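Below: the structure, in structure tokens.
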Amino acid sequence: MSVKENIRACIAKIKGDRTNSFIEVFEERALAQSEKIDALLAAGDESLILAGAPVALKDNMVIKGETASCSSKILEGFVSPYDAEVVTRLEKAGAVIIGRTNMDEFAMGSSTETSAFGVTRNPLDLDRVPGGSSGGSAAAVAGGLVPYSLGSDTGGSIRQPASFCGICGMKPTYGAVSRYGLIAFASSLDQIGPFAKDMASIEKIFNVLAGKDDKDETSCEIDREILRKKKIVCGIPKEFSGSSPEVQELFNKAVKKLSAEFEIEDVSLPSTEYAVSIYYIIAPSEASSNLSRFDGIRYGFRAEAANLAETYFKTRGEGFGDEVKRRIMLGAFALSSGYYDAYYMKALKVRRLIKDEFDRAFQKADVIISPTSPRTAFKLGEITDPLSLYMQDVYTIPANMAGLPAVSIPCGKCDDGLPAGFQIMAPRKQDSFLIDTAKKIEEIFKGE
Ligand code: GLN
């Protein structure tokens, strides 16, 4: 089959999708790239790592000449004048960018229910959420529409949907993948990463994406060397408790299986209990600043108004959804004079504590393991209280706070028949070691 034929078949599958994973298919762009790759292959070029592979992007990464909306009304009609660095790297490696996927508005959420384009459903059970905020990207891979997709993870938005959909998802070391062209949510936490069905595929696409980019000053080279040890030590943080009984049971079984080949150690991350609280100071603070650029003048949607002030008010009032407004207000409050020291500065100090505690834990353990999420995929509309939704991220947020690489891999199904993810975290820049370890663990879980 030619690349073009394969891409045509892929597009047809996406058009028949019942999960609402995709917001848009880039048919023209995808077919043009297919022809290019077909020509290269016909000429005998076999150097392209992702030759002809369809890749779906979360709707917060920009592509030249295409719309990007963060699933928000406020970006309606915005067309990007440039490519995100991940787009450049993927296409150079021969990948075909097939379309943009649904997400929680501005990546704020854990269920993909706050999109202006409607909810995305979990392909394993259409009455359930796929997780979020990268729910469309996770559902697209889990539903077999594409072999690869990209998401972004600020507090868990790659790992938690991977867990809910029974696939692999990786949040790289902060800076390992360029954020150039990723529409910012919370810049000190945001990180782009891949979804795929197995770790070998994650490894393949991650190696295409990773590396220093001069257009992103926070980007860095990772350590490609892999720690070789007879027995890798897996640390279990005793503070990561509070999972539902079925998730805890599955995790315990998984650890038991590991114990034949890995050493299991208890470690302690005492500040874990503050992670969610400080996340909801730091992330909204950065978001309130980042999202101030959407004013009705520079990008996308503009409301009808009589004057400039009214243009700002009405555009932001009509363009942003409730959750985004809630975060902007929270952040603006935490940053305002008089509260800055009490909330924002204090949160930064606790963030530092979390990082230091990880450093100490990594003196005892090579990787740290936990369930990815305290529970399995919930029903659409089941959780409406924002605080309950926020609490879903207790296990994933700490890695963002410390800038660590982390993956979620499937470890079987719970008694309720739903998959739950197994999270593995590694020291900063040890992404290659993390992937290598996850591949070994995946091998042990196989047959589940
Ligand atoms: N669920 C978290 C939030 O709502 C994390 C989102 C993310 O990682 N983008 O902010």
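This one's a predicted model, so the numbers in the text were calculated from it and none came from an experiment. We count ligands from 1, going down the list as the structure has it; atoms in each ligand are counted the same way.
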One should read off an interatomic distance between Ser80 OG and Met61 CE, to the nearest 0.5 angstrom, of 13.0 Å
Worked check of side-chain contact (heavy atoms from CB on, under 4.5 Å) between Leu90 and Leu209: CA-CA 7 Å; Leu90 284 172; Leu209 301 172; 3.9 Å; yes
Could you tell me whether some N/O pair between Thr154 and ligand 1 is separated by less than 3.5 angstrom? yes
The single option from Thr396, Leu387, Ile397 that satisfies side chain to side chain contact (heavy atoms under 4.5 Å, CB included) with Val276 is Ile397
Is it the case that ligand 1 has an N or O less than 3.5 angstrom from some N or O of Gly156? yes
So CD1 of Ile435 and CG of Asn207: to nearest 0.5 Å the spacing works out to 6.0 Å
Quiz prompt | Gln248 versus Asn252, side-chain donor and acceptor atoms under 3.5 Å | solution = yes
task = Check for a donor-acceptor pair, side chain of Glu85 on one end and backbone N or O of Gly181 on the other, with a separation under 3.5 Å.
result = no
When distances are taken from atom 5 (C) of ligand 1, the protein heavy atom at minimum range is Tyr279 OH, 3.3 Å
Under 4.0 Å between heavy atoms, the region of Phe185 that gets near ligand 1 turns out to be side chain
In this structure, atom 7 (C) of ligand 1 is nearest to the protein heavy atom Ser157 OG, 2.4 Å
Margin query: Quick check on Gly109 - does any of its heavy atoms sit under 4.0 Å from an atom of ligand 1?
Written below: yes
* Hey, is Arg327 one of the residues with a heavy atom under 4.0 angstrom from ligand 1? -> yes
Closest heavy-atom approach to atom 1 (N) of ligand 1 among Asn400, Asp393, Leu189 is made by Asp393
CG of Asp436 to CG of Asp431, rounded to nearest 0.5 Å, is 12.5 Å
For Ala107, the ligand 1 atoms with a heavy-atom partner under 4.0 Å come out as 6 (C), 7 (C), 9 (N)
Checklist entry - Do any heavy atoms of Tyr280 fall under 4.0 Å from ligand 1? => result yes
